[in-house]
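So the structure is just underneath, and the comments pick up after that.
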There are 2 protein chains.
Amino acid sequence: MVKFQQAQLDRTFSALSDPTRRALLARLEGEEALSVSELAQPFAMSLPAVMKHLDVLSHAGLITRTKTGRTVSCRLNADPMEEAMSWLARYQRFWTQRLDALEALLNERRRDPAPGEGGSGGA
Amino acid sequence: MVKFQQAQLDRTFSALSDPTRRALLARLEGEEALSVSELAQPFAMSLPAVMKHLDVLSHAGLITRTKTGRTVSCRLNADPMEEAMSWLARYQRFWTQRLDALEALLNERRRDPAPGEGGSGGA
DNA sequence: CTGAAACTTAACCATAAAGTTAAGTTATCG
DNA sequence: CGATAACTTAACTTTATGGTTAAGTTTCAG
């Protein structure tokens, strides 16, 4: 049963690994529903190429498509992202740990400023 | 400049889209450091195959490898996941919204139970 | 009923991914 | 120095990705 979830995660992460597809999703984040041609319009690539990306997205469950007449409405379905977030959340402690350490260091310096280390510096 | 981040996200999501690689990372989540052969041991595939996965992970910056004598220590570096989390976080409202709506619905029913709708139901 | 708009399918190509086996490298041990 | 352990590289195969152009479908407008 955990195998199915694995495959879903595979599809989700894989779908998200392409910048065109992330841009498509980002577009749908602000628009409720867009047709295939509206989605395709900003991209330099051909319509069929965009279609393939939409296929990947809908196979991953990240969009739904409904045909009305000759136009197809695409809308976002973020649900599969929740599982991806959960997977990543397991590792969150590693960077919060790091940030905590940084914060501690900064607090320490604020309390007891070391000489010759003030001013501007990029990290 | 945002292009570089895009490529990093590509690599991160792509690296995470394979179950073997996620298993390798999960292993390193609990172990601080493991050698290549220790990491490879649980898998049915050949050593070179695991090597390639490790190459992908380190190219994505998700692990670091340090050679000591003839053994190579791999350790987790979760930092790139933070960016992936941030990207996903933009969409978090979509499922929390959904959960909020569900919760509201349940509260409403608890207050004012509709007749003929009790019991078990799918979806 | 013709034609254009909005997709969809098909056929093809180049490159990358994921695996294999076989043949190197380096280290460490006896 | 020779053998073995721990990787690494090379060469190859198969399948998947991401793109193309060309040729269908439907559906709506005139």
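A, B, ... follow the sequence lines: proteins, then strands. Residue 1 opens every chain.
Screening residues 53-76 of chain A for salt bridge (Lys or Arg N to Asp or Glu O under 4.0 Å) gives A:Glu32-A:Arg75, A:Asp55-A:Arg65 as the qualifying pairs, with residues at least two apart or on separate chains. Here ring pair (Phe, Tyr, Trp, His ring centres under 6.0 Å) pairs that include residues 37-88 of chain A, with residues two or more places apart or in two chains, are A:Trp87-A:Tyr91.
Residues meeting the side-chain hydrogen bond (donor to acceptor under 3.5 Å, both in side chains) test with B:Gln6, sequence neighbours left out: A:Arg22. Residues satisfying the side-chain contact (heavy atoms from CB on, under 4.5 Å) criterion with B:Glu31, sequence neighbours excluded, are B:Leu34. A search for salt bridge (Lys or Arg N to Asp or Glu O under 4.0 Å) contacts involving A:Arg27 returns nothing, not counting sequence neighbours. Residues passing the side-chain contact (heavy atoms from CB on, under 4.5 Å) test with B:Gln41, sequence neighbours excluded: none. Taking B:Ser46 as the reference, B:Pro48, B:Ala49 meet the side-chain contact (heavy atoms from CB on, under 4.5 Å) condition, with sequence neighbours excluded.
Residues A:Leu25 and A:Leu16 meet the side-chain proximity criterion, which asks for heavy atoms closer than 4.5 Å. Taking the side chain as every heavy atom from C-beta outward, A:Met81 and B:Phe94 never approach each other to under 4.5 Å. Proximity of A:Gln8 to A:Arg11: side-chain heavy atoms (C-beta onward) are separated by under 4.5 Å at one or more points.
In 5' to 3' order, the nucleotides of DNA chain C bounding all contacts with chain B (an atom under 4.0 Å from a heavy atom) are C:dA18 to C:dT28.
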*Show your working on side-chain contact (heavy atoms from CB on, under 4.5 Å) between B:Arg93 and A:Glu29 and close with a plain yes or no.*
CA-CA 10 Å; B:Arg93 64 183 175 98; A:Glu29 194 217 333; 3.5 Å; yes
* Can you check side-chain contact (heavy atoms from CB on, under 4.5 Å) on B:Glu83 and B:Thr12, steps first, answer last? -> CA-CA 9 Å; B:Glu83 206 189 331; B:Thr12 306; 5.7 Å; no
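Rounding to the nearest 0.5 angstrom, the gap separating the CG atom in B:Asp79 from the OG1 atom in B:Thr64 is 10.5 Å. Atom CG of A:Leu9 is separated from atom OG of A:Ser86 by 8.5 Å, given to the nearest 0.5 angstrom.
Listed by residue number, the members of residues 14-29 of chain A with any heavy atom below 4.0 angstrom from DNA chain D are A:Asp18, A:Arg21. Within a heavy-atom distance below 4.0 Å of DNA chain D, the residues of residues 33-54 of chain B found are B:Ser35, B:Val36, B:Ser37, B:Leu47, B:Pro48, B:Met51. Heavy-atom distances under 4.0 Å link DNA chain D to A:Gly69, A:Arg70 of residues 59-71 of chain A, given in residue order.
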Taking Watson-Crick and G-U wobble contacts under 3.5 angstrom, with | marking pairs to another strand and [ ] crossing pairs, the secondary structure of DNA chain C is written ||||||||||||||||||||||||||||||
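Connection of B:Val72 to B:Leu62 is established within a shared hydrophobic cluster, with ILVMFWY side chains joined at heavy-atom distances below 4.5 Å, either directly or through further cluster members.
In this structure, A:Leu57 places its CG atom 13 Å from P of D:dT17, rounding to the nearest Å.
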